[in-house]
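Reviewing the structure listed below.
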Amino acid sequence: MEGAQAVREAVRYARVRELFVTAAAAERHPDLVDAAAGAGARISPVIERAAESLSDTVTPQGLVAVCDLLDVPVADALGGRPTLVAVCAGITDPGNAGTVIRVADAAGADAVLLAGDTVDPHNGKAVRASTGSVFHLPLARDRDAAAVLDACAAAGLTLLAADAEGELDLHEPAAQPVLAGPVAWVFGGEAHGVPADLAARADHRVRIPIHGRAESLNLATAAAVCLYASAAARRR
């Protein structure tokens, strides 16, 4: 984790092993350095050049934390009777994966499952795109995407595949009772969507209506619309 906001979330919600910090960053964020030390992290002062070598951003902030990995088994992520889960199925862009995690967190999801060839949620860009949400809800990975969907179904979740050609319109009255129940939303990659074999396993393929002339919505926007539709339906 790098940057003040990300490191602050890591100290609050995760196990930080070591914090590399420049003198300038320590002067800007003394409370953060103290909090990391108080949480048991080793504090390692570094020069600016070393901080730049540790960073993969264009403008390093001089704070880099080494944390334990975050993912848990799928069965653990689905424990405790979940009602809203996001499944990333073959999302290879780390920025998109991180943003879906952020949106799922904001919508009150119980877990995010990364299935098939989805990018590692510990990827630096994915972590930054999540703006700390990687620490707020369970994350699980499994290369067997079909097994992930089976686990969701076994947990009592209705499988909803986000699909531009889906038979169920998100805004139609018929969608409301489905959205109000426990659901797992399945999102695919930006270019090709949910893989056909996984879409076929879903209980419903749900489309977001396009009322204007836009060709489509991008993945992050579509995920936000779908997850918040479920959150709103559950609260009515």
Side-chain angles (χ1 to χ4, degrees), residues 1-73 76-77 86 88 90-115 117-141 187 189-190 218-224 227-228:
M1 302 293 297
E2 59 178 298
Q5 176 60 24
V7 171
R8 185 171 287 108
E9 293 297 291
V11 170
R12 288 181 65 188
Y13 295 106
R15 172 74 183 275
V16 177
R17 299 283 183 171
E18 187 167 8
L19 177 64
F20 296 95
V21 57
T22 64
E27 186 174 338
R28 288 193 302 269
H29 306 286
D31 57 329
L32 184 51
V33 176
D34 289 345
R42 175 182 175 181
I43 308 301
S44 298
V46 294
I47 62 174
E48 295 289 344
R49 173 181 267 181
E52 290 173 3
S53 71
L54 289 169
S55 172
D56 61 0
T57 62
V58 176
T59 54
Q61 297 182 41
L63 287 163
V64 179
V66 179
C67 312
D68 283 350
L69 296 180
L70 301 170
D71 57 322
V72 299
D76 291 355
C88 298
I91 298 176
T92 57
D93 180 86
N96 279 338
T99 303
V100 171
I101 293 170
R102 179 181 182 179
V103 168
D105 180 23
D110 299 296
V112 176
L113 311 181
L114 300 106
D117 293 326
T118 295
V119 67
D120 187 338
H122 303 103
N123 175 287
K125 187 175 180 181
V127 170
R128 289 194 299 277
S130 81
T131 64
S133 287
V134 290
F135 296 116
H136 299 163
L137 73 175
L139 306 177
R141 293 185 290 169
F187 303 107
E190 187 87 51
N218 64 26
L219 170 60
T221 302
L227 290 166
Y228 266 92

Heavy-atom neighbours of R8 CZ exceed 12 at 6.0 Å: yes
Euclidean distance, R49 CZ relative to I47 CD1, rounded to 0.5 Å: 6.5 Å
From CA spacing to verdict: side chain to side chain contact (heavy atoms under 4.5 Å, CB included), D71, H122: CA-CA 9 Å; D71 57 322; H122 303 103; 3.2 Å; yes
Non-hydrogen side-chain atoms of E2 and L54 separated by less than 4.5 Å: no
P121 to L139 - nearest heavy-atom pair and separation: CB-CD1, 4.1 Å
Side chains of residues 104-115: which donor-acceptor partners sit under 3.5 Å, not counting sequence neighbours?
{"unit_1": "D105", "atom_1": "OD2", "unit_2": "S133", "atom_2": "OG", "d": "2.6"}
{"unit_1": "D105", "atom_1": "OD2", "unit_2": "H136", "atom_2": "ND1", "d": "2.7"}
{"unit_1": "D110", "atom_1": "OD2", "unit_2": "T83", "atom_2": "N", "d": "2.7"}
{"unit_1": "D110", "atom_1": "OD2", "unit_2": "T83", "atom_2": "OG1", "d": "3.3"}
{"unit_1": "D110", "atom_1": "OD2", "unit_2": "L84", "atom_2": "N", "d": "3.0"}

Over all atoms of both residues, closest heavy-atom pair of A222 and F187: O-CE2, 4.4 Å
T118 side chain vs I91 backbone, donor-acceptor pair below 3.5 Å: yes
T131 and Q5, any side-chain heavy atoms less than 4.5 Å apart: no
Donor-acceptor under 3.5 Å (E18 side chain, V66 main chain): no
For the student: nearest non-hydrogen atoms of D117 and T92, plus distance: O-CG2, 3.7 Å
Donor-acceptor contact below 3.5 Å, side chain E190 vs main chain L219: yes
Where V11 and A39 come nearest, the two heavy atoms and their spacing: CG1-CB, 4.4 Å
Value rounded to 0.5 Å, distance of CZ in R141 from CG in L69: 7.0 Å
E27 atom CD: more than 12 heavy-atom contacts under 6.0 Å: no
Distance (rounded to the nearest 0.5 Å) between C67 SG and Y13 OH: 14.5 Å
Exercise: identify the closest heavy-atom pair between P94 and V119: CA-CG1, 3.8 Å
Pairwise side-chain contact, T57 with R128, heavy-atom cut-off 4.5 Å (strictly under): yes
Minimal non-hydrogen separation, Q61 against A25, with atom names: O-CB, 3.6 Å
Salt bridge E9-R12, side-chain N to carboxylate O under 4.0 Å: yes
Rounded distance [0.5 Å steps], SG in C88 versus CD1 in I101: 6.0 Å
